[in-house]
Amino acid sequence: MPLHNADIAAIFGEIADLLEIEDANPFRIRAYRRAAQVLGEFGRDLRQMLADGEDLTALPGIGNDLTAKIREIVVTGHCAQLDRLHGELPPAIAELLHIPGLGPKRVRALWHDLDVQTTEQLCRAARDGRIRVLPGFGEKTERRILEAAEVHLARERRFKLATAAQYAEGMVAYLRRVEGVERVEVAGSFRRMRETVGDLDILVIAAAGNAVTEAFVTYDEVREVLAQGNTRASVVLRCGLQVDLRVVAPESYGAALCYFTGSRAHNVALRRGAIAVGLKLNEYGVFRGDQRIAGETEESVYRVLGLAWIPPELREDRGEIEAARRGRLPHLVRREDLRGDLHAHTRATDGHNSLREMALAARDAGLEYLAITEHSRRLAMAHGLDAAGLARQIDEIERLNETLTGIRMLKGIEVDILEDGSLDLPDAILARLDVVVGAVHSRFDLPRTRQTERILRAMESRHFTLLAHPTGRVLDERDPYDVDMSRVIRRARERGCALELNAHPTRLDLLDTWCMAARDEGVPVAINSDAHSVRDFDNLRFGVGQARRGWLEAKDVLNTRPLAVLLAWLKC
DNA sequence: GCCGTTTTCGGCCCGACTGTTTTCAGTCG
């Protein structure tokens, strides 16, 4: 049975939910949640680690008890603790906790007093007016619960980073024009460059909070006002995106920015660190007793805690605080470090622009080289090239290079990795290319072993340069295929191949945790646009954001290398 | 359930908003 780190994380997450409903020790609940987070993001295979006799208690938040439970889950496929909870509580009740407005106390009350066990039963109880009569509930609460439950049934929606960026930019521009507003910044997961965001957190410095929250809730894209006070307000835009606004004073701006950037796990760890040195940290500043000793800037907050300023993309409580304490934070790759792009298409297949137009757009985007990597013949719907078609493009690129200045075009292909792991074009034509990008575009459903062997075999080709969008996931559309990425990364190191971090907003694949694993193995990562039009080079910034979340430095990224260095790497 | 420059026991982050129980519990971020 396939059992991944995410499966174990999900079990611990459900245990936390159910324990919460049982009103268990909140710190025990927190321990399970923390373990779920750590395991869910962990880049190596827990099964393998156990098989190798490695000590899991070295992982943060994992002690003897949880190690034993992980072992139990790996060996038996079950967790007795979770089975016990399932015996005591209705099977689907944890689901109710994920409805906004419902916490453990209310879920317990609804279950005990009304026998509500599912979201559907919750909706019925609300429509029948049975909830409002419960102690602690009222009409308004009942209505809000019904609305939230209906939204939940229609499924929670997260927005892709690039989509959220469009709404964020409009809202920020609007708020900057409001009288008395000095500064506006988007915090939250958006600032941390997460691949999707659930809502936007906007931070404002302004003299009079009332005027700002009033302007905020009357923004013309607002569909619904969820809350409105002097210092904070929440709305839902017509597109369904929730936006939270906080108004802060200048002396608290850094502390508030830090606080609302999160992540929650990072904040908790920071607070713990503050307490350890006799300080108190909140969104207004860092305090010794009643005296504020920092808070105007983020740097000041981190400094008094004995830490270097931590880039937002790292703030996930994955070791960044310890690194900041020791002065060992990575010098994260920046967009301007990228000198080239190794994955792009033209009109020859499914792109929208000519070779020359793509070249000039890449140069305008500050790049020194661009590999054209059309689809291969197997991808018929994209008009994939056969050997003859590719040969014509090779000639065309060579001719174009003679006329271009400031940009060098590289000859490439995005060749399909067929089901048996062979490549979709013969060696003879691949040998004429600078860059061979291998990609899986079919049979996403292969079992883990076969999918893994398929990719490993493709990497055996001496022409293979890098693996495109390594997990195949498409946000909101397709889950990653089942592949042992640890083995892929190890083989990439042995074969001298690279992995792509596809910067397209719907992919952002390689995932951040695998970026870390690649870095640890010394496998270079190429941040590629997969551009299909001249506008798509802008997407590189999202790829860089993801790379930064994966702790990558410029030296870890293949296409930060100057052309000559890259060409030498490609030849060896 | 985890963890240790204050600890192998006793801690474990903090404030705003909402609705309702008129002094606060529940939820959220």
Side-chain angles (χ1 to χ4, degrees), chain A residues 12 15-16 19-21 23-39 56-70 79 81 96-110 131-145 148 187-190 192 197-203 209 213 225-234 242-248 252 255-256 258-287 305-306 317 321 325:
Chain A
F12 286 167
I15 289 176
L19 285 174
E20 203 162 18
I21 296 170
D23 200 21
N25 176 349
F27 301 107
R28 193 167 155 235
I29 295 163
R30 188 184 298 171
Y32 277 104
R33 289 215 192 286
R34 166 127 171 91
Q37 189 213 349
V38 166
L39 300 184
L56 298 188
T57 64
L59 291 172
I62 306 296
N64 289 328
D65 183 273
L66 289 178
T67 297
K69 285 194 170 70
I70 293 168
C79 176
Q81 164 88 332
L96 295 178
L97 278 183
H98 299 281
I99 296 171
L102 289 189
K105 304 284 193 303
R106 285 177 175 168
V107 167
R108 201 161 56 240
L110 290 163
I131 291 176
R132 65 183 73 178
V133 298
L134 297 181
F137 293 79
E139 260 185 66
K140 207 158 179 180
T141 302
E142 182 181 70
R143 192 168 67 244
R144 291 198 161 225
I145 287 174
S189 51
F190 182 84
R192 301 199 314 278
V197 300
D199 58 22
L200 289 177
D201 298 284
I202 298 184
L203 206 59
T213 55
V225 179
L226 299 176
Q228 183 184 3
N230 285 338
T231 61
R232 47 204 301 182
S234 293
Q242 181 171 330
V243 188
D244 299 331
L245 178 84
R246 338 268 169 165
V247 184
V248 300
S252 296
C258 184
Y259 184 84
F260 292 113
T261 296
S263 66
R264 193 178 303 196
H266 177 84
N267 287 349
V268 168
L270 275 188
R271 283 231 172 87
R272 218 169 25 231
I275 289 169
V277 292
L279 300 174
K280 186 177 81 162
L281 169 64
N282 60 26
E283 59 262 56
Y284 299 106
V286 185
F287 296 85
L305 299 177
D317 194 23
I321 292 176
R325 196 183 315 282

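Just so it is clear: chains get the letters A, B, ... in the order the sequence lines come, proteins before strands, and each one is counted from 1.
- Per the geometry, CZ belonging to A/Phe12 stands 10 Å off P belonging to B/dG1, to the nearest Å.
- Between the C1' atom of B/dC28 and the CD atom of A/Glu283 lies a distance of 12 Å, rounded to the nearest Å.
- Ranking B/dC12, B/dG29, B/dC28 by closeness to the A/Arg30 side chain, first place goes to B/dC12.
- Side-chain atoms of A/Lys280 lie closest to B/dC14 of the nucleotides B/dC12, B/dC17, B/dC14.
- Applying the salt bridge (charged side-chain N to carboxylate O under 4.0 Å, His left out) rule to A/Lys69 yields the partners A/Asp65; only residues at least two apart in sequence or on another chain are considered.
- Residues satisfying the side chain to side chain contact (heavy atoms under 4.5 Å, CB included) criterion with A/Arg106, sequence neighbours excluded, are A/Leu102, A/Phe137, A/Thr141.
- Looking at the side chain of A/Asp199, the nearest of the listed nucleotides B/dT27, B/dG29, B/dG1 is B/dG29.
- For A/Thr141, no side-chain nitrogen or oxygen approaches OP1 or OP2 of B/dT18 to under 4.0 Å.
- Closest to the side chain of A/Tyr32, out of B/dG1, B/dA16, B/dG19, is B/dG1.
- For the pair A/Leu281 and A/Gln242, nearest-nucleotide mapping onto DNA chain B gives the more 5' position to A/Leu281.
- At a threshold of 4.0 angstrom between heavy atoms, the contacts of A/Pro26 with the nucleic acid are absent.
- Looking at the side chain of A/Pro100, the nearest of the listed nucleotides B/dC28, B/dG29, B/dG19 is B/dC28.
- Atoms CG (A/Asn230) and C1' (B/dA16) sit 11 Å apart, rounded to a whole Å.
- Nucleotides B/dG1 and B/dT5 are separated by 23 Å at their P atoms, to the nearest Å.
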Protein-nucleotides 21-25 of chain B N/O pairs closer than 3.5 Å?
none

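- In this structure, the side chain of A/Arg246 does not engage the main chain of A/Thr231 through any donor-acceptor pair within 3.5 Å.
- Looking only at side-chain heavy atoms (C-beta outward), A/Asp199 and A/Val243 stay at 4.5 Å or farther from each other.
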Under 3.5 Å, which N/O atoms of the protein pair with N/O atoms of nucleotides 5-11 of chain B?
none

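- Look at CD on A/Glu20: it is 10 Å from C1' on B/dT27, rounded to the nearest Å.
- Within 4.0 Å of A/Arg106, counting heavy atoms only, lie sugar-phosphate atoms of the nucleic acid but no base atom.
- A donor-acceptor pair under 3.5 Å links the side-chain atoms of A/Glu142 to the main chain of A/Arg132, judged by distance alone.
- Listed nucleotides B/dG1, B/dC17, B/dT20 differ in distance to A/Leu66; the shortest reach to its side chain belongs to B/dG1.
- Across all strands, A/Leu102 comes closer than 4.0 Å only to sugar-phosphate atoms, never to a base (heavy-atom distances).
- Between A/Arg246 atom CZ and B/dC28 atom C1' there is a gap of 9 Å when expressed in whole angstrom units.
- The side chain of A/Arg28 places no N or O atom within less than 4.0 Å of a non-bridging phosphate oxygen (OP1 or OP2) of B/dC2.
- At most 12 non-hydrogen atoms from other residues, nucleotides or ligands lie less than 6.0 angstrom from CG of A/Asn64.
- In terms of position on DNA chain B, the residue among A/Ile99 and A/Arg232 whose nearest nucleotide sits closer to the 5' end is A/Arg232.
- Taking A/Glu283 as the reference, nothing meets the salt bridge (charged side-chain N to carboxylate O under 4.0 Å, His left out) condition, with sequence neighbours excluded.
- On the P atoms, B/dG11 is 32 Å away from B/dC17, given to the nearest whole Å.
- Residue A/Thr231 places at least one side-chain N or O under 4.0 Å from the OP1 or OP2 atom of B/dC17.
- When heavy atoms are screened at a 4.0 angstrom cut-off, A/Ile29 is found touching no nucleic acid atom at all.
- Checked by atom type and distance alone, the side chain of A/Arg144 pairs as donor or acceptor with a backbone atom of A/Leu226 at under 3.5 Å.
- The nearest whole Å value for the distance from the CG atom in A/Asp65 to the P atom in B/dG1 is 4 Å.
- The P atoms of B/dA16 and B/dG10 are separated by 33 Å, rounded to the nearest whole Å.
- Side chain A/Tyr284 to base B/dG15: no donor-acceptor pair is found below 3.5 Å.
- Summarising the geometry, the separation between CG on A/Leu39 and C1' on B/dC2 is reported as 13 Å, rounded to the nearest angstrom.
- Pairing of B/dT8, defined by two Watson-Crick or G-U wobble distances under 3.5 Å, is not identified with any nucleotide.
- Closest of all the heavy-atom pairs between A/Ser189 and A/Val197 is OG-CG1, 3.4 Å.
- Counting non-hydrogen atoms under 4.0 angstrom, A/Ile15 reaches nothing in the nucleic acid.
- Separation of the C1' atoms belonging to B/dT27 and B/dT20 is 14 Å when rounded to the nearest angstrom.
- With contacts defined as side-chain heavy-atom distances shorter than 4.5 Å, the pair A/Phe12/A/Leu39 qualifies.
- Atoms CZ (A/Arg272) and P (B/dC2) sit 14 Å apart, rounded to a whole Å.
- The same atom, C1', is picked in B/dC14 and in B/dC9; the two are 25 Å apart, to the nearest Å.
- Distance noted for atom C1' between B/dG19 and B/dT23: 13 Å (whole Å).
- Among the nucleotides B/dC2, B/dG29, B/dT20, the one closest to any side-chain atom of A/Lys140 is B/dT20.
- One N or O on the side chain of A/Ser252 and one on the backbone of A/Tyr284 form a donor-acceptor pair closer than 3.5 Å.
- Judged as a salt bridge (charged side-chain N to carboxylate O under 4.0 Å, His left out), and not counting sequence neighbours, the contacts of A/Arg325 are A/Glu322.
- Nucleotides B/dC2 and B/dT8 have their C1' atoms positioned 12 Å apart, rounded to a whole Å.
- Comparing the C1' positions of B/dT21 and B/dG26 gives an interatomic distance of 12 Å, to the nearest angstrom.
- A/Tyr259 comes within contact range of at least one nucleobase, with a heavy-atom separation under 4.0 Å.
- Put simply, the side chain of A/Asp201 never gets that close to the backbone of A/Ala187: no donor and acceptor are under 3.5 Å apart.
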